[in-house]
Asker: 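Here it is, the structure in full.
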Protein chains: 2
Amino acid sequence: MASLETISSIDTAPRHPIRLVANRTGLTVDLIRAWEKRYHVVDPARSDTKRRLYSDYDIERLRLIRIAKQNGRRLVDVAPLTLEALRDVVSEDSRYDQAQENQAEVYRPSWTSPLESTDTQDDIDAMLFAVQTMDQHRFDQLLQEGLVKQSLPAYLETVIGPLLREIGESTRLGKLRIAHEHMATAHLRTFIGALRFRETYTGSEPKIVITTPTGQLHELGALMVAALVSVDGWLPVYLGPNTPADEIVACALQSGARAVSLSLTYPADDPRIPTELTRLRSQLDGKIPVFVGGSAAAHHHELIDRLGIESPLTLDALRESLKAVRDGRYQGSIK
Amino acid sequence: MASLETISSIDTAPRHPIRLVANRTGLTVDLIRAWEKRYHVVDPARSDTKRRLYSDYDIERLRLIRIAKQNGRRLVDVAPLTLEALRDVVSEDSRYDQAQENQAEVYRPSWTSPLESTDTQDDIDAMLFAVQTMDQHRFDQLLQEGLVKQSLPAYLETVIGPLLREIGESTRLGKLRIAHEHMATAHLRTFIGALRFRETYTGSEPKIVITTPTGQLHELGALMVAALVSVDGWLPVYLGPNTPADEIVACALQSGARAVSLSLTYPADDPRIPTELTRLRSQLDGKIPVFVGGSAAAHHHELIDRLGIESPLTLDALRESLKAVRDGRYQGSIK
DNA sequence: TTTGTCTGGACAAAACTGGGACAACATTGC
DNA sequence: GCAATGTTGTCCCAGTTTTGTCCAGACAAA
């Protein structure tokens with residue numbers, strides 16, 4: 001295996017013991033050995049006392065295979081694939097998977113496991129418990145672990161989003177203290193903020209300005225969008241929350257952005273929103289599309305339609321629209 | 001005075017008995033000796049009566065090795081590593097999914113002199129320029145590079161702090177737009193927030209609650225403190241900005257924190273500050289010291305003194321006071 | 001005196017290895 | 001539908017390596 005030509009820059013030097021591989025991939029030690037025994041999923045080098053020694057390349061393979069399985073692939077099918085082929089399979093699944101998420105239960109083949117949904121709910125519950133017990137360290141750990149199991153877009157949609165809603169809800173109902181919510185929010189701000197730096201930038205990516213308009217102080221939704229679009233080859237110009245329309249325009253023009261994305265959450269009926277949106281749309285070159293999302297976007301449905309602003313209903317819909325923009329296929333308000 | 005920092009600011013003077021080392025690292029005395037016997041993990045100096053005397057350097061090594069083991073490394077593999085190599089291994093392991101693409105080629109223009117003599121003001125100017133040109137990517141790059149040149153505490157004190165002040169000042173004078181400031185602030189929020197995860201935690205660190213009181217919406221100062229104290233072996237419970245006194249108390253008690261730190265910046269004369277501070281001090285067990293810092297702390301000098309709240313003038317003074325608390329040497333308001 | 005540290009060695013628990021068994025479940029063929 | 005077959009995660013075993021703990025007797029510190 002050491003002679004495998006690797007296009008990617010992943011290190012093939014064998015050095016990691018099996019326990020560490022288990023930690024990183026979320027697989028059990030037994031399972032890693034079983035996979036090797038049955039399908040030669042990996043073929044680790046050995047120490048002088050026959051201990052298995054894995055390379056970074058092996059770990060990445062195992063991680064991807066785990067995600068592929070989570071998406072319903074069979075081990076037999078994915079085991080022989082190269083790393084590149086695995087990447088393709090996984091990224092393809094992540095989108096298809098989410099599209100199905102929004103469809104009727106009936107059509108769902110058995111392999112889009114009940115396991116997955118209960119599994120993620122378990123994860124979220126565990127995170128809520130960590131928040132409730134003020135265990136910031138555990139909270140971070142759970143967030144990191146969850147990310148191993150699926151692709152970034154799927155993770156944002158199925159874990160982070162629901163988690164944010166549940167934290168908000170629990171605080172409103174008094175199940176969590178304000179201090180708990182503060183802690184969780186502050187930590188998520190750091191965590192989500194770091195997500196987009198998992199991607200590598202070449203400098204030639206199209207830019208997108210991401211923020212929230214005046215009066216909207218909650219930035220996590222916008223930050224999620226920034227992480228999300230990074231995956232699809234955008235370079236976010238992230239401005240944080242509460243940016244006046246004029247400033248958004250100035251920023252978009254100066255940076256040469258190809259799109260603008262806003263997040264609306266709370267308060268939903270802020271009277272400044274219509275003013276700001278109108279102002280923004282009118283000052284921007286018509287070629288720069290504006291996207292609006294977040295739970296409060298629905299409250300301004302008519303206005304948004306009238307202004308010719310896009311308002312995708314899911315993160316996945318946003319991704320698709322942005323791909324059209326990026327590839328030059330965007331042509332005004334589609335809807 | 002030229003800022004010639006030693007590569008690592010860790011003291012190599014041998015002075016700690018084995019018991020203290022065990023307490024600080026969470027290892028048993030027997031184990032420390034066993035590791036030395038079998039793998040020469042450390043090679044402590046000896047007193048004239050053959051007692052082992054460990055340096056801060058040794059302690060750091062042992063701490064890291066313990067964490068490496070928790071991550072699944074084998075003792076045989078990590079024992080021979082240098083402190084720097086250990087740091088790399090550990091931070092790689094605990095943040096395995098954090099893409100480290102910082103290996104980008106460093107083409108250093110001929111006009112920049114060698115690393116040591118580069119003036120920090122030049123760095124800050126370059127950062128300001130990146131902000132002004134909305135070059136977020138470059139801004140991030142400069143931040144990362146600057147961090148390599150010095151220790152984290154020194155970096156916060158000499159680069160990040162001044163940078164924040166200059167950005168604020170420039171915005172007020174109209175040299176920067178609000179959009180620029182937003183971009184910079186949002187990015188720094190992510191960057192500083194991630195800093196404390198350069199450190200690794202064993203779970204046995206004393207905790208410190210860090211936040212800003214009601215009305216204080218700027219969190220970067222508090223976040224800097226969180227990053228800072230992580231270096232000295234504290235586990236920050238970071239609550240973000242704008243936390244009511246009652247919630248701070250609840251959080252401190254629930255998490256079993258050994259200290260509380262607040263940051264005051266703007267507005268300096270908010271009438272809620274005295275109320276909140278008084279409330280906080282009176283509700284907290286007298287054994288939990290409260291520290292207040294930030295540019296607005298001076299405005300409340302008398303009150304702070306009267307309440308017996310600590311108000312160290314520099315980040316360094318804060319570190320020292322916290323060390324006293326951590327090692328049980330704290331005894332009420334010292335001043 | 002009492003408590004803590006030292007050395008060297010013994011011992012036991014934990015972890016890893018190859019091999020195999022087995023139950024849960026999915027798929028296929030009828 | 002139902003039975004046969006295939007897939008896959010988990011567990012058990014016995015032998016080896018690695019690692020944590022304990023002990024005894026000598027000495028040092030408080």
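A note on names: the letters A, B, ... follow the listed sequences, proteins ahead of strands, and every chain is numbered from 1.
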Asker: Taking the inter-plane angle between the rings of B:Phe197 and A:His187 on a 0 to 90° scale, is it parallel (under 30°), tilted (30 to 60°) or perpendicular (over 60°)?
Answerer: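 Perpendicular.
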Asker: Taking only residues two or more places apart in sequence, or in another chain, which ones meet A:Glu166 in a salt bridge (Lys or Arg N to Asp or Glu O under 4.0 Å)?
Answerer: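 Salt bridge (Lys or Arg N to Asp or Glu O under 4.0 Å) list for A:Glu166, sorted by chain: empty.
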Asker: B:Arg24 and B:His16: side-chain donor and acceptor closer than 3.5 Å?
Answerer: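 The criterion, which ignores hydrogens and geometry beyond distance, is not satisfied for B:His16 and B:Arg24.
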Asker: Taking the axis from the first five pairs and the axis from the last five, what angle separates them in the helix from C:dT1-D:dA30 to C:dC30-D:dG1, rounded to 10 degrees?
Answerer: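 It comes to 50° between the two terminal axes.
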Asker: Tell me whether A:Asp58 contacts the main-chain N or O of A:Ser55 through its side chain, where contact means a donor paired with an acceptor under 3.5 Å.
Answerer: yes
Asker: Closest nucleotide of DNA chain D for A:Thr28 versus for B:Ala34: which of these residues is on the 5' side?
Answerer: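 This one resolves to A:Thr28.
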Asker: How does protein contact run along nucleotides 6-16 of chain C, one letter per nucleotide 5' to 3', with B for base contact, S for sugar-phosphate only, - for none, heavy atoms under 4.0 Å?
Answerer: SBBBB-----S
Asker: Could you go step by step and tell me if A:Lys175 and A:Glu169 meet the salt bridge (charged side-chain N to carboxylate O under 4.0 Å, His left out) rule?
Answerer: CA-CA 9 Å; A:Lys175 286 194 224 163; A:Glu169 187 71 2; over 6 Å; no
Asker: Mind checking salt bridge (Lys or Arg N to Asp or Glu O under 4.0 Å) for A:Glu36 and listing every partner two or more places apart, or none if nothing turns up?
Answerer: A:Arg46, A:Arg52
Asker: Can you find a side-chain donor-acceptor pair between A:Gln150 and A:Thr158 that sits under 3.5 Å?
Answerer: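 A:Gln150 vs A:Thr158: donor-acceptor pair found between side chains.
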Asker: Toward the 5' end of DNA chain D, which comes first, B:Ser47 or B:Leu75, by nearest nucleotide?
Answerer: B:Leu75
Asker: Using 4.0 Å as the upper bound for N to carboxylate O, is an ion pair formed by B:Asp30 and B:Arg33?
Answerer: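 A salt bridge is present here (some side-chain N lies under 4.0 Å from a carboxylate O).
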Asker: Applying salt bridge (Lys or Arg N to Asp or Glu O under 4.0 Å), name anything that partners B:Asp77, two or more places apart in sequence or on another chain.
Answerer: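 Counting only residues at least two positions away or on another chain, B:Asp77 forms a salt bridge (Lys or Arg N to Asp or Glu O under 4.0 Å) with B:Arg74.
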Asker: Walk along DNA chain D from 5' to 3' and tell me the first and last nucleotide with an atom closer than 4.0 Å to a non-hydrogen atom of chain B.
Answerer: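 Here the contact window of chain B covers D:dT19 to D:dA29.
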Asker: What do you reckon, is CG of A:Leu313 surrounded by more than 12 foreign heavy atoms closer than 6.0 Å?
Answerer: no
Asker: For B:Leu27 and C:dT5, what is the distance between atoms CG and C1' respectively, to the nearest whole Å?
Answerer: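 Atom CG in B:Leu27 sits about 17 Å away from atom C1' in C:dT5.
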